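Just below is one structure, and these are the notes that go with it.
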Amino acid sequence: MHPLSEQEQVRHEAHAALVERGINPYPYTWNVTAHAADVLAGYDEEKHGVPGEDGKEVYRVSLAGRIMTKRVMGKAAFFDLHDSSGKLQVYARRDDLPDGFYNEVFKRLLDIGDIVGVEGFIFKTRMGEVTLHAERLELLSKALRPLPVVKEAEGKSYNEVTDKEFRYRQRYVDLTINPEVRHVFRQRAKMISTIRRFLDDHNILEVETPVLQPLYGGAAARPFITHHNALDMPLYLRIADELYLKRLIVGGFDGVYEISKDFRNEGLSRFHNPEFTMLEFYVAYKDYHWMMDFTEALIAKVATELHGTPEVQVGDYTISFASPWRRLPFFDAIAEKTGHQLLGKSREEIADVARKLHVHVDDTMGEGKLLDEIFGEFVEPHLIQPTFIIDYPVALSPLAKRHREVDGLVERFEVICNGKEVCNAFSELNDPLDQRGRFEAQVALAQAGDDEALNTIDEDYLRALEYGMPPTAGIGIGIDRLAMLMINQTSIRDVILFPLLRPEAPADETESEEKSSPEA
RNA sequence: GAUCCCGUAGCUCAGCUGGCAGAGCAUCUGACUUUUAAUCAGAGGGUCGCAGGUUCGAGCCCUGCCGGGAUCACCA
């Protein structure tokens, strides 16, 4: 065990003293009849009175939560009880509690951070605060570590824990002391349940497909590799769900969706966590035009559920998710921002323009890559309101269907919002011969050294397509990035409960060294 | 992977030109039966991220390492 701080020693001693008195510091249940927020909403000064007051009803409740502040004044005390809904002040009086409890247990052995159950009646103090007058008070869980104490006055917080590392590593503490963090994750949950309900209501079936895959595909990214012992074979953690979900469309479902963790073995940043949540769905007999209408409706619905309006404040911008969103062809977007129309231009012409625009160019970059660079630098960061960028070059999109009118393009869109990609969707490529050709082009790229291109053709996926996949529209939506927008958070780590961090140094160095040393 | 910034008590932070390690909250002792950042009186609490170096002397300067943040690179 780590060496105990002074405050921890005090708490360990309190724990022992409680046991000594026959009080179990970790009892089994407490009958909760109300939450703090219910009480604050439900108390009515006209109607409710203290026991013995004529013509008034006594509002009795039983709550449970953490002691977060303690103001002791001799024979009576106030403390703030925080539960999942908020906080309620409790008034504890020596003479209203069992003999000795107030002086010897409450004052001496209960600390900030301890979880307690309180039963009593609600009244309003002289200062006008709705308060629970305790008639019964029990310890439900002793906190052996001191919780950082955050004080508040007139809407301002003092001594708030600001250290991001502390907050991410000990998210349980972050959630306990920062109510706005709980709010973020409630909003995230609401966002996901809204999406689920919307898809369910449209008869799109929720399915589960493999996380462990013998071949990975559906995106360009480096995978995590693991190993199955019994089969003695490598397995990859999925980087996307796409190819399995489309097999299910082949199988005859009209629509399927999956909300899943995907894994990409890449760097960490404000926008990237190695495991992240992806929503993908595929709907038969539809194309990307239908998908744009559907996506607008879905995301506007999410914004409205969360905020009561499709307008969302994101950083300095007010972003409106109300439909319709602007639909802007990829090449027109580049033309608009740079003045160069590159549609139909050769690789060399595009490279010339890129050089003129001071975009880094080298010989290994194909035209797709060059266009992507120009787009990423001159267009993407400037699109704040949600915008459909449509009709991408074929080279960038090995799983998308060729454009019905324009040669060299595919029917694909991305939604860009607040300067970042949130969705990627296509009319799905269902021609097995075309798909084989695109896979072969990927393999060629991989052999040329692109470590993100697929290096193996998924023959089973092609076999599925050869049986016939109906025309299908499909989309992937990055749930974490959508959450960042919807909840106005600037870092993906603030919308993921336990983001990946480097491991902490072992608490006891000497012990682990002894274990790992063969000579010890 | 690169660059810049940060790491001091449980928490928030100060620490000057290198000269005894500081404050508020929390903790402990005492007072106080409607307080609310409760108040009043007193006390204790430190591997200054880690390891070296320079110096009579290092929280402060130098080097390396560890951890975090931001930006970039990477990222269909």
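Naming: A, B, ... by sequence-line order, numbering from 1 per chain. Small disclaimer: the values here were computed from a predicted structure and weren't measured.
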Taking only side-chain nitrogens and oxygens of Thr162(A), does any of them come within less than 4.0 Å of OP1 or OP2 of C13(B)? yes

May I ask you to say what [X] touches in the nucleic acid, namely base, sugar-phosphate or nothing, with a heavy-atom cut-off under 4.0 Å?
| X | answer |
| --- | --- |
| Arg270(A) | sugar-phosphate |
| Ser157(A) | nothing |
| Leu501(A) | sugar-phosphate |

Euclidean distance, atom [atom1] of residue [X] to atom [atom2] of [N] [Å, nearest integer]:
| X | N | atom1 | atom2 | value |
| --- | --- | --- | --- | --- |
| Arg502(A) | G1(B) | CZ | C1' | 11 Å |
| Leu268(A) | C72(B) | CG | P | 16 Å |
| Lys164(A) | C11(B) | NZ | P | 18 Å |
| Gln9(A) | G44(B) | CD | P | 16 Å |
| Asp114(A) | A26(B) | CG | P | 16 Å |
| Glu160(A) | A26(B) | CD | P | 16 Å |
| Glu8(A) | G45(B) | CD | C1' | 13 Å |
| Glu377(A) | C75(B) | CD | P | 15 Å |

When the [atom1] atoms of [N] and [M] are considered, how many whole Å apart are they?
| N | M | atom1 | answer |
| --- | --- | --- | --- |
| C11(B) | C16(B) | P | 22 Å |
| A76(B) | A2(B) | C1' | 25 Å |
| U39(B) | U35(B) | P | 13 Å |
| U17(B) | C72(B) | C1' | 36 Å |
| U54(B) | U27(B) | C1' | 40 Å |
| C4(B) | A58(B) | P | 27 Å |
| G59(B) | G22(B) | C1' | 12 Å |
| A37(B) | A26(B) | P | 12 Å |

Shortest non-hydrogen contact between [X] and [Y], atoms and distance:
| X | Y | result |
| --- | --- | --- |
| Leu97(A) | Ala134(A) | CD2-O, 4.2 Å |
| Gly315(A) | Asn488(A) | N-OD1, 2.8 Å |
| Val361(A) | Ala354(A) | CG2-CB, 3.6 Å |

Nucleotide nearest Val161(A) when distance is taken to its side chain, options U12(B), A76(B), G10(B): U12(B)

Could you check which of C75(B), C25(B), G68(B) has an atom nearest any side-chain atom of Val149(A)? C25(B)

Quick check: do [X] and [Y] have side-chain heavy atoms less than 4.5 Å from each other?
| X | Y | answer |
| --- | --- | --- |
| Phe331(A) | Leu371(A) | yes |
| Phe439(A) | Leu399(A) | yes |
| Arg145(A) | Glu8(A) | yes |

Comparing Lys369(A) with Arg169(A), nearest RNA chain B nucleotide closer to 5' gives the residue Arg169(A)

Note: for Glu414(A) and Thr490(A) on RNA chain B, the residue whose nearest nucleotide lies more 5' is Thr490(A)

Determine the interplanar angle of the His133(A) and Tyr91(A) rings, folded into 0 to 90°, and report it as parallel if under 30°, tilted if 30 to 60°, perpendicular if over 60°. perpendicular

For Tyr43(A) and Tyr59(A), take the angle between the two ring planes, folded into 0 to 90°, and tell me which bin it lands in: parallel under 30, tilted 30 to 60, perpendicular over 60. parallel

I'd like to know if Gln7(A) reaches the base of A9(B) with its side chain, counting only an N/O donor and acceptor under 3.5 Å. no

When you look for runs of 3 or more Watson-Crick or G-U pairs in a row, both distances below 3.5 Å, which of them include RNA chain B? B:1-7 with B:66-72, B:10-13 with B:22-25, B:27-31 with B:39-43, B:49-53 with B:61-65

Approximate separation, where rounding is to 0.5 Å, of Glu414(A) CD and Leu383(A) CG: 11.0 Å

Output for pair (Ser5(A) OG, Arg11(A) CZ), nearest 0.5 Å, gives 9.0 Å

Only one of Lys246(A), Arg412(A), Lys401(A) passes side chain to side chain donor-acceptor pair (under 3.5 Å) with Glu428(A); say which it is. Lys246(A)

Taking protein heavy atoms under 4.0 Å as touching, what does nucleotides 28-40 of chain B look like 5' to 3' if B marks base contact, S marks sugar-phosphate-only contact and - marks none? SS--BBBBBBB--

